[in-house]
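Quick one: the structure is below, questions incoming.
All heavy atoms count here, side chains included; hydrogens, waters and symmetry mates do not. Order of appearance sets the numbers: ligands from 1, and atoms from 1 within every ligand.
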Amino acid sequence: MRIDIVSVLPELLESPLGHSIIHRAQKKGLAEIVVHPLRDYTHDKRRTVDDYAFGPDAGMVLKIQPIFECFQELMAERTYDEVIYTSPDGELLTQQLANQLSTKKNLLILCGHYKGIDHRVRENMVTREISIGDYVLSGGELAAAVIVDSVVRLIPGVLSDETSALTDSFQDNLLAPPVYTRPADFNGWKVPDILLSGNFAEIEKWQHKQAIERTKLLRPGLIDPKDE
Ligand code: ADE
């Protein structure tokens, strides 16, 4: 998978994309992630990417021209399955959406700007707007990093078997069951006996029951009444 990210603050993306699983996915050649500084597509000395909004509201808005030129350059190289804009008014990022995006070949992500971007970009070039939650961030870079992380880890081969995404919370609309490691008894705090039993069929049953109970308790809205 190839992901191009267009940003006014590319430095903000360096660390989240340069470590751990995302870094490994890139080293293994399973994901190629390229960040494009929007200022590289300006033509004035001050490398201006924003301008005053039309109308009475104060605040700066990202201009069309650098975005348009950047997109034109990128789109001459490849066809994008989705052109994503990160915004609090977008559709909410869910595991289901991450699964869907993980099957794509080329994604282009435009990081939002705190006061917004010229709406014509959203009307004419963006195919999907995604929010990572009902709160407002100062910019879209952290949202883009969250989207990329949730998607890239689902690409086959990125996670090793023991960290398989299939056991994640939300993958089947259930929270993950609790996990433990050694020692089995820490100053009297004990690991449930069933996990030490070696009976894998019973362990799986126990884990499923725990997943259902935890979901009912912590996130009841996730359970489809049809499944009860
Ligand atoms: N930009 C600002 N807030 C955001 C959010 N919650 N999700 C995605 N992009 C954003």
Side-chain angles (χ1 to χ4, degrees), residues 1-22 25 31 33-42 48-55 57-68 70-71 74 80-104 106-155 168-171 218-219 221-222:
M1 172 185 278
R2 160 97 182 198
I3 305 177
D4 289 284
I5 306 176
V6 177
S7 160
V8 182
L9 283 170
E11 308 80 27
L12 258 184
L13 289 159
E14 265 165 36
S15 182
L17 301 180
H19 291 93
S20 187
I21 286 166
I22 305 300
I33 305 168
V34 185
V35 179
H36 306 271
L38 190 61
R39 285 188 203 282
D40 288 357
Y41 296 86
T42 55
T48 316
V49 286
D50 52 9
D51 202 344
Y52 294 100
F54 283 121
D57 290 339
M60 305 299 276
V61 170
L62 280 192
K63 289 152 62 77
I64 290 191
Q65 171 270 319
I67 299 172
F68 186 78
C70 175
F71 277 20
L74 296 175
Y80 289 94
D81 299 292
E82 295 282 7
V83 178
I84 295 165
Y85 173 61
T86 58
S87 161
D89 26 284
E91 71 185 290
L92 207 57
L93 179 66
T94 58
Q95 191 62 36
Q96 203 187 350
L97 178 53
N99 285 341
Q100 217 178 314
L101 294 174
S102 73
T103 64
K104 307 290 184 197
N106 299 316
L107 297 177
L108 173 53
I109 304 178
L110 172 63
C111 299
H113 187 248
Y114 69 105
K115 264 291 172 191
I117 60 171
D118 190 307
H119 204 70
R120 289 168 289 185
V121 173
R122 298 169 70 171
E123 286 170 334
N124 297 295
M125 290 189 276
V126 166
T127 61
R128 193 147 211 167
E129 302 195 345
I130 299 180
S131 162
I132 62 160
D134 288 340
Y135 41 81
V136 179
L137 303 167
S138 331
E141 282 73 16
L142 296 178
V146 168
I147 296 167
V148 170
D149 189 296
S150 70
V151 168
V152 167
R153 62 193 294 285
L154 296 171
I155 298 170
D168 285 345
S169 283
F170 299 113
Q171 203 53 261
L218 302 170
R219 299 289 305 275
L222 287 175

**Numbered atoms and elements of ligand 1 in range of V136, under 4.0 angstrom, heavy atoms** =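 What qualifies from ligand 1 is 3 (N).
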
**Message:** If you define the side chain from C-beta out and look only at heavy atoms, does anything of K63 sit under 4.5 Å from D118?
**Reply:**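 When only atoms from C-beta onward are counted, D118 and K63 do not touch, as no gap falls below 4.5 Å.
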
**Item:** Taking atom 3 (N) of ligand 1 as the reference point, the nearest protein heavy atom with its distance
**Value:**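 Minimum-distance protein heavy atom for atom 3 (N) of ligand 1 reads L137 N, 2.9 Å.
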
**Request:** Could you tell me whether F68 atom CZ has more than 12 heavy atoms of other residues or ligands within 6.0 Å of it?
**Result:**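 No, CZ of F68 has 12 or fewer neighbouring heavy atoms, counting only those of other groups under 6.0 Å.
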
**Message:** Can you report which non-hydrogen protein atom sits closest to atom 6 (N) of ligand 1, along with the distance?
**Reply:**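 In this structure, atom 6 (N) of ligand 1 has Y135 O, 2.8 Å as its nearest protein heavy atom.
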
**Prompt:** Is the backbone of D50 close enough, under 3.5 Å, to the side chain of T48 for a donor and an acceptor to pair up by distance?
**Reply:**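 The answer is no, because no donor-acceptor pair under 3.5 Å joins these two groups.
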
**Item:** Closest protein heavy atom to atom 7 (N) of ligand 1, given as residue, atom name and distance to 0.1 Å
**Value:**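 Scanning the protein heavy atoms, the shortest distance from atom 7 (N) of ligand 1 goes to I132 N, 2.9 Å.
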
**Prompt:** Any donor and acceptor pair, going by atom type alone, linking the side chain of E82 with main-chain N or O of I109 inside 3.5 Å?
**Reply:**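 Absent.
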
**Request:** Tell me, please: is S87 in heavy-atom contact with ligand 1, that is, under 4.0 Å?
**Result:**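 Per 4.0 Å heavy-atom rule, S87 contacts ligand 1.
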
**Prompt:** Is the backbone N or O of D89 less than 3.5 Å from a side-chain atom of S131, with the two atoms forming a donor-acceptor pair by type?
**Reply:**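 No: the side chain of S131 does not pair with the backbone of D89.
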
**Prompt:** Under the side chain to side chain donor-acceptor pair (under 3.5 Å) criterion, do S87 and E129 qualify, and how do the steps go?
**Reply:** CA-CA 6 Å; S87 161; E129 302 195 345; 4.7 Å; no

**Message:** I need the contact type for S131 against ligand 1. Using non-hydrogen atoms and a strict under-4.0 Å cut-off, is it side chain, backbone, both or neither?
**Reply:**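 The part of S131 near ligand 1 is both the backbone and the side chain.
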
**Message:** Any side-chain to backbone donor/acceptor pair from T86 onto G112? Under 3.5 Å, distance only.
**Reply:**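 Flag set: sc T86 to bb G112 pair under 3.5 Å.
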
**Request:** Examine the proximity of ligand 1 to S138 and report which part, side chain or backbone, both or neither, has a heavy atom under 4.0 Å away.
**Result:**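 S138 to ligand 1: no contact under 4.0 Å from either part.
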
**Asked** Any N or O of A143 that comes nearer than 3.5 Å to an N or O of ligand 1?
**Response**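 Min N/O separation from ligand 1 is not below 3.5 Å for A143.
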
**Request:** Give the residue, atom name and distance (to 0.1 Å) of the protein heavy atom nearest atom 10 (C) of ligand 1.
**Result:**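 Closest protein heavy atom to atom 10 (C) of ligand 1: P88 CD, 3.6 Å.
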
**Message:** Please work out, at 4.0 Å between heavy atoms, whether the side chain, the backbone, both, or neither of I130 comes within that distance of ligand 1.
**Reply:**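 Contact part for I130 vs ligand 1: backbone (N, CA, C, O).
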
